[in-house]
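Source: prediction; values computed, not measured. In each ligand, atom 1 is the first atom listed, and ligand 1 is the first ligand listed.
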Amino acid sequence: MIPFPPSAPTPTPFDPASLGVGHDQPRLLLVDDEPRLLLSLYELLQGRGYQLITATNGAEALAHLSKLRFDLVLLDLGLPDIGGHEVMDFINQKGIDADVIVVSGEVGIDAAIGALKRGAYDYLRKPYSREELLKTVGNALKARRLEQANERIAAQLENSEKMYRYLVDSSPDIIYTLNHEGRFTFINERAHQLLGYKRDELIGQHYSILVHEEDLERARYVFNERRVDERASRNVELRLKCHAGNAHDRTFNTTLMTISLNAIGMHVPDQEVRKLEFFGTYGVARDITDRKRAEEVISYQAYHDILTDLPNRILFKDRLGLAVIQAKRKQTELAVMFIDLDRFKLVNDTLGHVKGDELLQQVAGRLKECLRKGDTLARQGGDEFTIVLPELRERDDARAIADNFLESLHRPFDLDGHEVHISASIGIAIYPGHGESIDELLRHADIAMYQVKGQGKNGHAFYDPSMQEVSHQKIALGQALRRALENDELEMYYQPQVDAASGKIVGAEALMRWNHPARGVVSPGEFLPFAEENGLMLPISDWMIGALCRDMLQWKGLCGSQVRLSLNLSPQYLDRGDFFEKMRGALLRYGIAPGQIEVEITENICIRNPQYAIEQLNKLGQLGVSVAIDDFGTGYSSLAYLHRFPVHTIKIDQSFVKEIHDEHDHYPVVLAIISIARGLGLNLIAEGVETEIQARYLRANGCLTMQGYLYYRPMPLPRFMDVLQEHGVQSGDHNVIAFQA
Ligand code: C2E
Ligand code: CA
Ligand code: CA
């Protein structure tokens, strides 16, 4: 659409919004107050690919300039209202990006100078030649196009520079360049985030200020090697130091590219590249700290015990192996120790696994304190620890360290308010005297440790070949005990419990004996702990239930159900799911009244699953079987258990009874136990009563049922039946002796 039709000499005001402006068509504003001249200008330029807009006075021109963008203004200076110079001032003031060609009839030089001063592209004097005008317009537009293209390219360059910088700075990796001296010439923003150094703190600095001291040598090696081509890139792991105040060092996998560039080649593309000159280093460093840490954690866990943080058995063997090699080379001795805690199982069973674990941690801590530099302490598992003392000067050193260990364990441990005492048995084997291989040394230290256990624990012993025999004896004992079950070598003995007032028998405790073919009668203290450790407790207990029921059938005829039988229940047996069922089945099968049976449990029976134990004991109680707490007062939390288990009877431990020497003295523990029983309405039995004084004291203070050598020793069934017959039993309900509250 043409805003100024050639037929209409006076251009109509035009509405720019009605124009579909083609952007690639230059837009020209033609300003002249002479309609004829304006028209001829219009006609001259028309049809040449320009978009033409006209104005016949200054105000009109300003209006157009304010609304539209023009590439070129052909401006007459002598306008009636606002002069051409003022129009140019307007253009300049408003920062309008249009070139101006002045087409003027003014002859004075001032007009031309004023126009050029105001930035006119050219000045044409009227009358102008058509060619000249067309050429000037063409040139102006061409120059303008070039300038615009330049600006566009400059802007594009600036943008792409921005983009590259953005990409480089937001790269997860550190990107850097070093000059030939190894000084930073560029480093991206990432370095700041990862290492805490600002860019300008690093530029110009040597890379070595960043590299961890221990890695400097390696860094120097890789940075100095100036390879080219495809061999130029390689991966090196370096630890970089963080800015002071910034956490820990981080590990980087830095991909280095030593670039060798030809300076001439860079600047003069058509010359042949000949001489390769070292220019600098370009590198990308990737932060692999997290991966390194994960790797470290994984390998740490493979070689360490999680609970105590000590080396585990794998790492221990490794260290021991190294120590043996070194000892062999230097012809020195070394010691291997095997430490096993005494009574640990008791703590675990009594206070539970959590406390047991805590104790192990505390023990590990104390043992660690006794070590010298270079010694290795490891946890083998359970409550077993091993130690290697390399480069032993003399055996006394090992002895002294073992003594230190024992002493450090001597102080009581505090497990959340529970004071726990523990000791250890330590076996020591010396290289090369006691063995030359890792396994031999460990095995012999283990044997020596068992020797200590067998001799009352809490001590240390050096290995001696004669100990092999003892350990063989242990194996033999296991085999013999299994045979004992098959050959029926076990037997139940019975120890009567007596009512002190009447002297009559009210009950009996069943105690196990082993009639060893060679050693004679063996007491349970010798073989039951062994059975517990070696998985024989369950078959032995099974056997016991059957034997007791068979025996009871025999003496029932003599005393009816007047005499109650106490049997000792192993914690392991209670732990087993079918104890209750077994017991009930046997009682049914033999027709024995459950009310005639009492099971004795020790306070230490708070086994792995106390809730389950309580359930079992409750079911027994519902059946009519009663429960006694054995060795009362020696365990950890006597009172707590009284409330947790359905208890009917407590037995005063013989160690307290043994204390009683003087009838008129005061024995607070005994009195306390008696008053607890009275307070809770429980039956009470004193164990291990050996003297009249003890019996009188107990009786005077309210304990009426006694068990001990003063009355009877444990005896085989036939003898027990004789005793029942001779001495008679308490009749009526008196066999249940209780302090009713
Ligand atoms: P316990 O349950 O405390 O049994 C009492 C121990 O004291 C018995 O030792 C008994 O012979 C002994 N004794 C009784 N009166 C006196 C006395 O006046 N003076 C002295 N010094 N000792 C006396 P025994 O028979 O050697 O049994 C030892 C432990 O073995 C028992 O201690 C019990 O914990 C366990 N035990 C015995 N028989 C069995 C059994 O059939 N099953 C289970 N699980 N454990 C048993
Ligand atoms: Ca007992
Ligand atoms: Ca006892």
Side-chain angles (χ1 to χ4, degrees), residues 346 349 481 484-485 489-498 500 505 507-516 520-552 564-576 579 582-583 586 597-605 607 626-635 647-660 683-695 698 705-717 719-720:
L346 191 65
D349 287 351
L481 200 50
L485 266 172
E489 289 168 10
L490 297 179
E491 184 180 356
M492 295 313 294
Y493 274 40
Y494 298 91
Q495 185 177 33
Q497 296 164 338
V498 174
I505 294 168
E509 177 174 4
L511 295 160
M512 196 176 290
R513 296 292 180 265
W514 177 11
N515 298 307
H516 194 278
V521 179
V522 180
S523 71
E526 272 188 72
F527 66 89
L528 287 185
F530 180 82
E532 292 241 5
E533 274 176 33
N534 293 277
L536 287 168
M537 204 58 216
L538 303 185
I540 287 178
S541 298
D542 282 347
W543 169 85
M544 179 189 74
I545 289 182
L548 287 179
C549 289
R550 281 193 300 276
D551 286 357
M552 274 187 92
R564 184 182 47 202
L565 178 81
S566 300
L567 59 95
N568 291 287
L569 183 61
S570 133
Q572 275 187 7
Y573 204 49
L574 186 60
D575 235 356
R576 210 171 93 156
F579 160 67
K582 283 233 167 92
M583 191 74 209
I597 303 288
E598 183 159 83
V599 296
E600 294 188 4
I601 58 172
T602 57
E603 293 171 51
N604 302 326
I605 206 164
I607 36 180
S626 54
V627 175
I629 295 206
D630 207 353
D631 307 340
F632 190 85
T634 59
V647 174
H648 306 87
T649 304
I650 55 185
K651 297 184 82 176
I652 305 176
D653 188 63
Q654 25 184 300
S655 60
F656 303 125
V657 173
K658 222 157 243 134
E659 298 280 300
I660 305 171
N683 297 342
L684 189 63
I685 299 174
E687 260 192 322
V689 181
E690 293 185 351
T691 65
E692 287 288 352
I693 293 173
Q694 292 164 350
L698 288 162
T705 311
M706 318 271 172
Q707 179 185 345
Y709 294 171
L710 176 64
Y711 304 95
Y712 301 100
R713 288 185 175 252
M715 56 190 86
L717 177 70
R719 172 89 186 92
F720 177 54

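- Here the rule is side-chain contact (heavy atoms from CB on, under 4.5 Å) with Asp630, and of Ile601, Asp653, Thr602 only Thr602 fits it.
- Numbered from 1 in the order shown, with element, the atoms of ligand 1 that lie under 4.0 Å from a heavy atom of Met492 read 41 (O).
- Ligand 1 has an N or O atom lying under 3.5 Å from an N or O atom of Met512, backbone or side chain.
- Compare Ser566, Pro714, Gly708, Ala510 by their heavy atoms: the one nearest to atom 11 (O) of ligand 1 is in Pro714.
- Of the listed options Glu532, Glu600, Gln654, Glu687, Gln654 places a heavy atom closest to atom 6 (C) of ligand 1.
- Atoms of ligand 1 lying under 4.0 Å from any heavy atom of Val689, numbered from 1 in the order shown and given with element: 18 (O).
- By the 3.5 Å distance cut-off applied to N or O atoms, Glu509 is counted among the residues near ligand 1.
- Note: angle at the Ca ion (ligand 2), from OD1 of Asn568 to OD2 of Asp630, is 90° (rounded to 10 degrees).
- Set against the non-hydrogen atoms of Met537, the atoms of ligand 1 under 4.0 Å away are 44 (N).
- Closest to atom 23 (C) of ligand 1 by heavy atom, among Trp543, Tyr493, Phe527, Tyr709, is Tyr709.
- Residues Trp543 and Leu490 come closest through the heavy atom pair CZ2-O, 3.2 Å.
- Residue-ligand proximity, Lys658 to ligand 1, at heavy-atom distances under 4.0 Å covers atoms 21 (N).
- Remark: of the listed residues Leu528, Val522, Leu536, Leu536 is the sole one forming a side-chain contact (heavy atoms from CB on, under 4.5 Å) with Leu481.
- Nearest heavy atom pair, residue Gly688 against residue Gln654, reads CA-CB, 3.9 Å.
- If you number the atoms of ligand 1 from 1 as listed, the ones under 4.0 Å from a heavy atom of Leu528 come out as 36 (N), 39 (C), 43 (C), 45 (N), 46 (C).
- When Gln495, Glu509, Gln497 are each tested for a side-chain contact (heavy atoms from CB on, under 4.5 Å) with Glu687, only one passes: Glu509.
- Taking 3.0 Å as the criterion, Glu509 counts as a coordinating residue of the Ca ion (ligand 2), since one of its N, O or S atoms falls below it.
- For ligand 1, the atoms sitting less than 4.0 Å from at least one non-hydrogen atom of Pro524 are 24 (P), 25 (O), 26 (O), 27 (O), 28 (C), 30 (O), 37 (C), numbered in the order shown with element in parentheses.
- Atom numbering of ligand 1 starts at 1 in the shown order; those under 4.0 Å from a heavy atom of Glu690 are 17 (C), 18 (O), 19 (N), 20 (C), 21 (N).
- With a heavy-atom cut-off of 4.0 Å, Asp631 touches ligand 1 through its side chain alone.
- When the side chain to side chain contact (heavy atoms under 4.5 Å, CB included) test is applied to Ala510, the partners found at least two apart in sequence or on another chain are Met492, Tyr494, Leu548, Leu565.
- Within Glu600, OE1 is the N, O or S atom that lies nearest to the Ca ion (ligand 2).
- Taken from OG1 in Thr691 to NZ in Lys658, the straight-line distance is 10.5 Å, to the nearest 0.5 Å.
- The CE atom of Met706 sits 4.5 Å away from atom CG of Leu698, with the distance rounded to the nearest 0.5 Å.
- Panel note: side chain Gln694, backbone Val689; no donor-acceptor pair is recorded below 3.5 Å.
- Taking the side chain as every heavy atom from C-beta outward, Asn683 and Arg564 approach each other to under 4.5 Å.
- Distances from atom 41 (O) of ligand 1 to the heavy atoms of Gln707, Arg513, Met544, Arg713 show the closest one on Met544.
- Between Leu567, Thr602, Asn568, it is Asn568 that holds the heavy atom closest to atom 44 (N) of ligand 1.
- Residues satisfying the ring pair (Phe, Tyr, Trp, His ring centres under 6.0 Å) test with Phe527, not counting sequence neighbours, are Trp514.
- With a cut-off of 3.0 Å, the Ca ion (ligand 2) has no N, O or S atom of Glu687 in range.
- Between Pro571 and Glu532, the shortest heavy-atom distance links the atoms CD-OE2, 3.9 Å.
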